[in-house]
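Here is the structure we will look at, set down as structure tokens.
Start at 1 and go down the list; that is how both ligands and their atoms are numbered.
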Amino acid sequence: MSAKDKLVIFDTTLRDGEQSPGASMTKEEKLRIARVLEKMRVDVIEAGFAIASPGDFGAVQAIANTVKDSRICSLSRALDKDIDRAAEALKGANASRIHTFIATSPIHMKYKLQMEPDAVIEQAVRAVKRARSHTDDVEFSCEDAGRSEIDFLCRIIEAAIDAGASTINIPDTVGYAIPEQYGNTIGQLIQRIPNSDKAIFSVHCHNDLGLAVANSLSAVAQGARQVECTINGLGERAGNASLEEVVMAVRTRSDLFDVETGIDTTQIVPASKLVSSITGFPVQPNKAIVGANAFAHESGIHQDGVLKHRETYEIMQAEAVGWHTNSLVLGKLSGRNAFRTRLEELGIALESESELNAAFAAFKELADKKHEIFDEDLHALVSDSVSKPKEEKYELVCMSVASETGVRPVSKVTLKIDGEEVSAESEGGGPVDATYSAIEKLAQSGINLQLYSVNNITSGTDSQGEVTVRVERGGRIVNGLGADTDIVIASAKAYINALNLMESADERQHPQGDV
Ligand code: KIV
Ligand code: ZN
């Protein structure tokens, strides 16, 4: 038995992470991420904000019905209708949590809520009680606690605990805190609030000053026992505290922290890659833990040291966070069963036989071009095939690109639009530009390209390129994905995927679109 306290890891990639502009995800994508979080043994998964949109409700419900080993949580304002909607979405969960919040800083209470502090306390108490009528596990957050007065925080938190909240979250909503000061605030709250022993104190830090992880760790040192965080630090504005950094800091410096997490750290890199591939947000190479260079030693002196004795320059093992676990899994001769089994092992559940057939056909095609198929390839392949809407208006039939030094590239594209084959040719500044211009000649969609990003999925020149495009039309934004060993074809696939998603009703909703 360990003498250390448990540090609860509360992942909010699917809720606060999705609030990153352009990071909205479909239900299917959220489910895939939730399954990996469950495999990672995340304690609480905040699956969404059920009342925000029908899409968010559906995602929370699907995750609650599917994920059984993690507690599933929905956010709600301190309003009856929000709380009831959260409870409805969470009905199928093995273990559920309602997370209700209200702002507590003078600036938010005066200008946003236009409420007196006493009325805010009253509403918080009512909300916690309402949430407790649905579930035993209620979390209460003091929004903008980082700029709230400590005396007021003490009053509202004491009342929320009395009303039945078992987790009290102290968000630094605008990323204003500094580690020592924030840690002291947490320590003081725990000391001063008479019933603080009846709740777990949680922290939720934003990264506007680049201090989200440092602030979270400082709070843990002062008694916080839950950290809210996201994969790759995704989140509103500059993001949230990154899960991988918090978890690995606590583990690597176990000499300093009296806590331990239950996280299976080998799932960190696969989760990071999955989130990056789904959102199209690349991970910077020098990002701690999950960046491509996080364990790469460039200087000769460092390389020499590591070869002689790894710990000279390494404080963690790459394998411990899931690097190099992308062992060769399947090849050209692998059958449908092996393919299905590996997908299941990766937590990828395809909804129907026809989805499995489509993914298997794409796998065989890929295996012809690329001999070694890694887990990352399978994730990309499935993203590629399941991100397609049910009805596709546009289909790529074939394309060719001529690219030569000193000559403007020309792309010829043949599409099927509503079943009818049409072709066009166009020049461009580069092969991708020429291809997009040829597609637009045919589609005349009027969409605006907001982001184009290409990543190699595994290493090596035969790696698949995975392209994400974000396009906008009339205020609606969709992300298109495409993967192929040829990056110009991957680019065309991503653009066509975005065109189809733009046409489909199966849209990605912005999480807080209508609240
Ligand atoms: O940053 C914040 O305050 C939040 C709350 C809703 C917990 O995300
Ligand atoms: Zn937040």
Side-chain angles (χ1 to χ4, degrees), residues 8-21 23-24 44-53 56 60 71-79 82-83 85-86 97-109 111-113 120 123-124 127-128 131 137-148 152-153 156-157 160 165-177 182 185-186 189 199-213 215-216 219 224 226-243 246 510-513 515:
V8 175
I9 297 297
F10 176 115
D11 180 278
T12 183
T13 307
L14 302 176
R15 199 277 297 170
D16 216 326
E18 201 202 19
Q19 286 173 217
S20 290
S24 51
V44 185
I45 299 174
E46 189 162 53
F49 190 172
I51 200 160
S53 66
D56 242 37
V60 176
R71 186 174 288 279
I72 309 302
C73 171
S74 171
L75 185 66
S76 63
R77 289 167 301 181
L79 298 173
D82 281 40
I83 293 164
R85 192 83 174 130
R97 170 176 296 184
I98 296 178
H99 176 191
T100 186
F101 73 97
I102 194 163
T104 52
S105 62
I107 187 170
H108 275 229
M109 290 192 287
Y111 295 105
K112 185 180 87 170
L113 298 177
V120 171
Q123 189 166 326
V128 171
D137 192 319
V138 174
E139 172 169 334
F140 172 68
S141 277
C142 308
E143 192 192 11
D144 203 19
R147 293 187 298 171
S148 301
F152 184 66
L153 285 178
I156 196 166
I157 292 170
S166 47
T167 301
I168 296 294
N169 186 36
I170 314 294
D172 179 23
T173 304
V174 293
Y176 181 66
Y182 184 67
T185 303
I186 303 298
L189 290 172
I200 287 180
F201 278 69
S202 163
V203 287
H204 173 115
C205 296
H206 279 272
N207 206 28
D208 299 67
L209 294 173
L211 294 170
V213 170
N215 287 335
S216 305
Q226 172 175 290
V227 174
E228 302 197 354
C229 43
T230 58
I231 302 291
N232 298 340
L234 205 65
E236 184 90 45
R237 306 182 309 281
N240 289 62
S242 113
L243 179 146
V246 170
H510 193 274
Q512 291 187 23
V515 293

Exercise for the section: Tell me, please: is Q19 in heavy-atom contact with ligand 1, that is, under 4.0 Å? Expected result: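 No heavy atom of Q19 comes that close to ligand 1.
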Practice task
Could you tell me whether E139 approaches ligand 1 through its side chain, its backbone, both or neither, with non-hydrogen atoms closer than 4.0 Å?
Solution key: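 Within the 4.0 Å criterion, E139 makes no contact with ligand 1.
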Practice task
Check each heavy atom of E236 against ligand 1 and say whether those closer than 4.0 Å belong to the side chain, the backbone, both or neither.
Solution key: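 No part of E236 is near ligand 1 at this cut-off.
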Problem - N/O separation below 3.5 Å, R15 to ligand 1 - result: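 Checking ligand 1 against R15, an N or O pair does fall under 3.5 Å apart.
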Handout entry: Any N/O pair E228/ligand 1 closer than 3.5 Å
Key =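 Between E228 and ligand 1 (N or O atoms, distance only) the closest approach is not under 3.5 Å.
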Problem - Closest non-hydrogen atom pair, T100 against A127 - result: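 Residues T100 and A127, closest heavy atoms: OG1-CB, 3.8 Å.
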Practice task
Can you see which heavy atom on I9 is nearest to which on C229, and at what distance?
Solution key: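 Between these two residues, the closest heavy atoms are CG2-SG, 4.0 Å.
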[atom1]/[X] to [atom2]/[Y] distance, rounded to the nearest 0.5 angstrom?
X: T230; Y: E18; atom1: OG1; atom2: CD; answer: 12.5 Å
X: I102; Y: Q123; atom1: CD1; atom2: CD; answer: 4.0 Å
X: H204; Y: D16; atom1: NE2; atom2: CG; answer: 4.0 Å

Which atoms of ligand 1 are found less than 4.0 Å from any heavy atom of [X]?
X: E143; answer: 3 (O)
X: H206; answer: 1 (O)
X: S141; answer: 7 (C)

Practice task
Name the closest protein heavy atom to atom 4 (C) of ligand 1, giving the residue it belongs to and the distance to 0.1 Å.
Solution key: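 Result for atom 4 (C) of ligand 1: H204 NE2, 3.5 Å.
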Practice task
Tell me which protein heavy atom sits closest to atom 3 (O) of ligand 1, plus the residue, atom name and distance to 0.1 Å.
Solution key: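 Result for atom 3 (O) of ligand 1: T173 OG1, 2.6 Å.
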Problem - Student check: side-chain heavy atoms of I51 and R77 closer than 4.5 Å - result: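 SC-SC contact between I51 and R77 confirmed.
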Problem - N/O/S atom of D16 inside 2.8 Å of the Zn ion (ligand 2), strictly under - result: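 A backbone or side-chain N, O or S atom of D16 is under 2.8 Å from the Zn ion (ligand 2).
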Problem - Note: K112-E143 ion pair, threshold 4.0 Å (strictly below) - result: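 A salt bridge is present here (some side-chain N lies under 4.0 Å from a carboxylate O).
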Problem - Donor + acceptor pair across side chains of N169, S202 (<3.5 Å) - result: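 Yes, S202 and N169 have a side-chain donor paired with an acceptor closer than 3.5 Å.
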